[in-house]
Structure formats: C-alpha cells, structure tokens
Novice: 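Attaching a single structure in structure tokens format; questions to follow.
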Amino acid sequence: MSWIREGELNLIERLSANILKAGPVPKHVAFIMDGNRRFARKKHVDRQEGHSQGFNKLAETLRWCLQLDIPEVTVYAFSIENFNRSREEVDGLMELAKLKFLRLLDEREKLEKHGVCIRVLGDLTLLPLDLQQLIAKAVVATREHNRCFLNVCFAYTSRHEMANAVREMAWGVEQGLIKASDVSEALLSECLYSSNSPNPDLLIRTSGEVRLSDFLLWQTSHSCLVFQSVLWPEYSFWNLCDAVIQYQCNHASITVPQLHPNTTLTPLHMTTPPYTLLHNTTPRCDPVPKARELHQDEQRRQQLEADHACVAELLHHHGNGKPADAPRRQEAVTEYGVRREARVKDFLDALRNKRDSFLTELASQAT
Ligand code: FPP
Ligand code: MG
C-alpha cells in the first residue's frame, strides 16, 4: 500500500465534501490513530496485521483530507512509551516503518506530483540506525515539496519534545547566541520539532479513549478535540466528516462571537477551559473570545514587559542608578527589541542548520 492512496469519492461523498467545504475547513488535523490491536483481535488476525491495516487507513485518510482541502496532517505513529511493548511488537512496528519509508522513496515521483512534504517528528536517535538513515533519506527527498504536509510523529512524546526544546535553548545560551532573558513561550514554540507547522485546528483520537497520551500537548492548547469510538483501521470518510462538522460548530463559537437570544456577553474564557472538549455531544455554540488571538496578544505583551525589564537593568548599570527620562527609555526599549529579534533569528538559523546537517549526514549514510 502506498502513502497516498489514489481513488475518487463517490457521488454522495463528493456532494458531502462540497457542502463541508462551503464552511470553515481545518487547515491542520492531527490524529491519534488508536485501536489497531483491538481491531486485530476483533477480526481474528495477528497484531502486526492490525498495524499494517492501520497504515493502509492512514493512506486512505490522507486522500480524504486532500479531497476536503485539508493541507496538513500530523499522526502519532509511534510513541516513546511504545518501546515498552513486547520485543516482538516493537520489532514488528520498526519493520513496518522500514518497509513504508522504503516504499516512500520508490514513490518519490508521485509525492512530487502531489507536492507532498513528509516530515518525521521525534527523537530519531532512539531508533535503530538503519531506520534513522532511511527516515532521513525520505525526509530529505520530499523536503522541498510544499502543497501538503504529513508530519509523522515517530519515537515521539510531547514532554520529550518540550524537554528537547529547552535543551536547544540552553545550547543557544551556552554558545552565546541568545541571552537567558530571550527565553520565552514563543521561542520555545520555535524550538519544537513542529516549528514549521501551524498548530492543529482539530485533533481526532479514535478507539474511544479520551486522553491525549503525551501527544502535541503544547500545540493543542486551543485546538478542537474530537474523540470517536471507531477503531482506527475501520475509520471511514463519514467519521472524518463528522469530526469536521464538530470542528465547524466549535470554530463558529470561537472566531465569530455570536450571542444566543437573551444571552449577555460574559468573558467566557475566564470560566471555561482554553479548549472545548467534544465527545459525542452536541457541539457548544457559546460566545467565546478568540482564544488564539488573545493568547498571541498576551505573548506580545509579555515580550514587551521582558524587554522593558532588561532595558531598566541596563540603564540602571550604565546610568549610575539615575532613572532615565521616558523618551530615552522608550528609544532604548525599541533598540533592545530590534537587537533581540536579530539575536533570536541568528539562533534559530543556527538551530535549523544543526538539524539539517544531522539529517543530511544521516541520509548520506543510507544504503
Ligand atoms: C495504536 O493502536 C497504534 C499504534 C501504536 C501504531 C500506529 C501505527 C500505524 C498506524 C502505522 C504507521 C506507520 C508509519 C510508518 C507511518 P494500539 O496498538 O494502541 O491498539 P489498541 O489501542 O487496540 O491496543
Ligand atoms: Mg492503544
């Protein structure tokens, strides 16, 4: 089975897709593809066959996403915690990955035709060396494609990713590229494996489990979460449509503050969690402020506050403790912001180069 499964929607599916596309469509959907082993037990096939059918379903789902104009998909293919499964199962999943990434290299032309860029997010060093090399070769082969994006989280957990981002920032400070005071939420986001992608608009978990299992914890703070009971290998076009409809109802409530009759406008963001949990329930359509925008404003405010604090300290050191007048202080803050941005940009370039060199070096070792 190839990565992009060719095929057309039937008439009813096409009609439904067009109706859905008349509304807001998520630009980035993340999947926790859960339930492969339960599917295998249900169908009396072996576990490996369950995972293999799980991959086939991924290929089919990617096609549906493209047909629904969803340009970016992120999937949880192998968690670091999955290393604790039996040796036989882990080896089976590694073999499946090898087979599929080899297949990906054979399909380069087809992926180029569709403009598919495939990225792998995770700690590759935890994987067998031959798989690391193969993955690197596959990632390098498609990295210039830019029409649609598939991010495969492999040897991934969110906490590992965040800890790694913190280590990268510590490296930047050690190298003298950034100052400790440059560390911020925004910079941490840029150091994550997912820094090239917008945050997911919609996260879907199959198999009825209602938890995130250490997947994209940082990136989904404002995403719509949809939990569906279907086992992943049985996922259907209609399950995807159902999730998109739930997103659309939720999207309306987040981005277009609409009042129900007789409702007073209260700042609901102060009384509700930052995301709306949807689990086989009627979608909520309360007036909620634009959570993402509010959060970005807050980040900018925090950055400005940090710049003011740094400048105050600098002026204190260089001005014999005398307070600077307001215009001088403002000018100093502006100049400081410009220098900080340049520092951070150089650091991020260095980080990108470090990661690119790691991948290119690995890819060159692949046989
Ligand atoms: C979760 O079901 C699924 C996995 C741990 C593996 C998912 C992997 C694939 C779908 C193949 C992807 C491969 C590539 C190369 C992208 P589970 O095993 O937890 O099943 P259960 O919940 O029924 O026990
Ligand atoms: Mg599971």
Side-chain angles (χ1 to χ4, degrees), residues 1-5 29-65 72-107 111 116-122 124 126-128 130-139 141-142 148-158 193 203-216 227-236 239-240:
M1 166 70 72
S2 68
W3 282 74
I4 300 280
R5 190 165 169 185
V29 179
F31 289 94
I32 302 182
M33 311 179 287
D34 199 15
N36 291 354
R37 295 184 299 186
R38 273 167 281 173
F39 169 81
R41 275 199 297 277
K42 184 172 145 187
K43 296 289 174 188
H44 307 290
V45 294
D46 65 37
R47 218 171 25 210
Q48 185 66 3
E49 179 59 20
H51 290 313
S52 180
Q53 296 217 21
F55 177 85
N56 298 349
K57 187 54 70 177
L58 166 60
E60 205 175 1
T61 305
L62 287 176
R63 172 165 63 82
W64 296 330
C65 286
E72 181 144 11
V73 169
T74 299
V75 294
Y76 209 1
F78 190 85
S79 141
I80 291 174
E81 282 162 19
N82 290 153
F83 280 115
N84 296 325
R85 293 189 176 185
S86 72
R87 176 80 192 266
E88 187 200 350
E89 186 178 355
V90 173
D91 287 350
L93 280 163
M94 295 299 140
E95 274 312 309
L96 182 65
K98 266 183 225 164
L99 209 70
K100 296 306 176 186
F101 282 104
L102 268 174
R103 182 76 197 250
L104 187 155
L105 287 166
D106 286 344
E107 292 183 334
L111 293 167
V116 187
C117 169
I118 296 186
R119 308 185 185 113
V120 175
L121 316 188
L124 293 191
L126 299 175
L127 299 170
D130 55 347
L131 180 55
Q132 289 183 39
Q133 293 165 340
L134 195 53
I135 286 178
K137 200 167 172 189
V139 170
T142 67
C148 45
F149 301 88
L150 169 64
N151 307 306
V152 179
C153 294
F154 208 92
Y156 174 92
T157 61
S158 196
Y193 300 132
L203 181 144
I204 298 170
R205 181 173 188 153
T206 57
S207 91
E209 305 296 342
V210 190
R211 56 182 189 278
L212 291 179
S213 301
D214 217 340
F215 182 53
L216 302 181
F227 297 95
Q228 298 179 303
S229 54
V230 57
L231 302 176
W232 174 251
E234 295 180 327
Y235 204 68
S236 72
N239 292 130
L240 181 59

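Both counts, for ligands and for their atoms, begin at 1 and track the order of listing.
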Novice: Go through the side-chain N and O atoms of R119 and T74 and say whether any donor and acceptor fall under 3.5 Å apart.
Specialist: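 Checked: R119/T74 side chains show no N/O donor-acceptor pair below 3.5 Å.
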
Novice: Do any nitrogen or oxygen atoms of W232 lie less than 3.5 angstrom from nitrogen or oxygen atoms of ligand 1?
Specialist: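 Checking ligand 1 against W232, no N or O pair falls under 3.5 Å apart.
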
Novice: Under a 4.0 Å threshold between the charged nitrogen and the carboxylate oxygen, would K57 count as salt-bridged to E234?
Specialist: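 Salt bridge absent between E234 and K57.
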
Novice: So, are E209 and R38 salt-bridged, with charged N and O less than 4.0 Å apart?
Specialist: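 So E209 pairs with R38 through a salt bridge.
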
Novice: Counting distance only, does the side-chain N/O of T206 pair as donor-acceptor with the main-chain N or O of D34 below 3.5 Å?
Specialist: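 Yes; at least one donor-acceptor contact below 3.5 Å.
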
Novice: Pull out every atom of ligand 1 sitting under 4.0 Å from any heavy atom of D34, numbered as shown with elements.
Specialist: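 Per the distance check, 1 (C), 2 (O), 17 (P), 19 (O), 20 (O), 21 (P), 22 (O).
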
Novice: Heavy-atom distance to atom 8 (C) of ligand 1: which of A77, A59, S213 wins?
Specialist: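 Among A77, A59, S213, the closest heavy atom to atom 8 (C) of ligand 1 comes from A77.
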
Novice: K57 near ligand 1, heavy-atom distance under 4.0 Å?
Specialist: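 Distance cut 4.0 Å: K57 fails for ligand 1.
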
Novice: Does the D91 side chain pair with the main chain of E88, one donor and one acceptor, at a distance under 3.5 Å?
Specialist: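 No; judged by distance alone, with no hydrogens or angles, the pair does not exist.
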
Novice: One residue to check: N82. Relative to ligand 1, which of side chain, backbone, both or neither has a non-hydrogen atom less than 4.0 Å away?
Specialist: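 Side chain only.
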
Novice: Below 3.5 Å, N or O to N or O, backbone or side chain included: is there any such pair between W3 and ligand 1?
Specialist: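 No - when backbone and side-chain N and O of W3 are compared with those of ligand 1, no distance drops under 3.5 Å.
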
Novice: Within the structure, does Y76 bring an N/O atom to less than 3.5 angstrom of an N/O atom in ligand 1?
Specialist: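 No, no N or O pair falls under 3.5 Å.
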
Novice: Does this structure show an ion pair linking K43 with E49, if we count only N-O contacts that are shorter than 4.0 Å?
Specialist: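 No.
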
Novice: With a 4.0 Å cut-off on heavy atoms, is S207 in contact with ligand 1?
Specialist: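 Checking ligand 1 against S207, which is what was asked, there is no heavy-atom contact under 4.0 Å.
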
Novice: Among protein heavy atoms, which lies nearest atom 13 (C) of ligand 1, and at what distance?
Specialist: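 Looking at atom 13 (C) of ligand 1, the protein heavy atom closest to it is F55 CD1, 3.8 Å.
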
Novice: Mind checking the CG-OH spacing from D214 to Y76? Nearest 0.5 Å is all I need.
Specialist: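 These two atoms lie 5.5 Å from each other.
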
Novice: Going by the order shown, which atoms of ligand 1 are within less than 4.0 Å of some heavy atom of G54?
Specialist: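 Contacts of ligand 1 toward G54, numbered from 1: 10 (C).
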
Novice: Of all the non-hydrogen atoms in the protein, which one sits nearest to atom 1 (C) of ligand 1, and at what distance?
Specialist: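 Protein heavy atom with the smallest distance to atom 1 (C) of ligand 1: M33 O, 3.2 Å.
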
Novice: Nearest 0.5 Å please: distance from the OG atom of S52 over to the CZ atom of R47.
Specialist: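 Spacing of OG (S52) from CZ (R47) equals 14.0 Å.
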
Novice: To the nearest 0.1 Å, how far is atom 24 (O) of ligand 1 from its closest protein heavy atom, and which atom is that?
Specialist: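 Result for atom 24 (O) of ligand 1: R37 NE, 2.8 Å.
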
Novice: Examine the side chains of Q228 and Y235 and answer whether a donor and an acceptor come within less than 3.5 Å of each other.
Specialist: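 The answer is yes; a qualifying pair exists.
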
Novice: Supply the atom-to-atom distance F83 CZ to L93 CG, rounded to the nearest 0.5 angstrom.
Specialist: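 If we round to the nearest 0.5 Å, F83:CZ and L93:CG are 10.0 Å apart.
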
Novice: Return the option from R47, R85, E209 holding the heavy atom at the smallest distance from atom 18 (O) of ligand 1.
Specialist: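 It is R85 whose heavy atom sits nearest to atom 18 (O) of ligand 1.
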
Novice: How far apart are the closest heavy atoms of L105 and A138, and which atoms are they?
Specialist: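 Taking L105 first and A138 second, the nearest heavy atoms are CD2-CA, 3.8 Å.
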
Novice: What are the atoms of ligand 1, with element, lying closer than 4.0 Å to any heavy atom of R38?
Specialist: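 Near R38, the atoms of ligand 1 are 21 (P), 22 (O), 23 (O).
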
Novice: Return the CH2 to CG distance between W3 and L150, rounded to the nearest 0.5 Å.
Specialist: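 Output value for this atom pair is 6.0 Å.
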
Novice: Which residues and atoms, protein N, O or S only, are under 2.8 Å from the Mg ion (ligand 2)?
Specialist: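 Correct list: D34 OD1.
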
Novice: Are any side-chain N or O atoms of Q132 and backbone N or O atoms of L127, one a donor and one an acceptor, separated by less than 3.5 Å?
Specialist: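 A pair under 3.5 Å: yes.
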
Novice: Identify, for atom 15 (C) of ligand 1, the protein heavy atom at the shortest distance, and state residue, atom and that distance.
Specialist: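 Sorting protein heavy atoms by distance from atom 15 (C) of ligand 1 puts A97 CA, 3.9 Å first.
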
Novice: Which ligand 1 atoms are under 4.0 Å away from a heavy-atom of G35?
Specialist: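 Every atom of ligand 1 under 4.0 Å from some heavy atom of G35: 2 (O), 20 (O), 21 (P), 22 (O), 23 (O).
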
Novice: Does one side chain, of N36 or Q53, offer a donor that lies under 3.5 Å from an acceptor on the other?
Specialist: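 Not at all, the side chains of N36 and Q53 share no donor-acceptor pair under 3.5 Å.
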
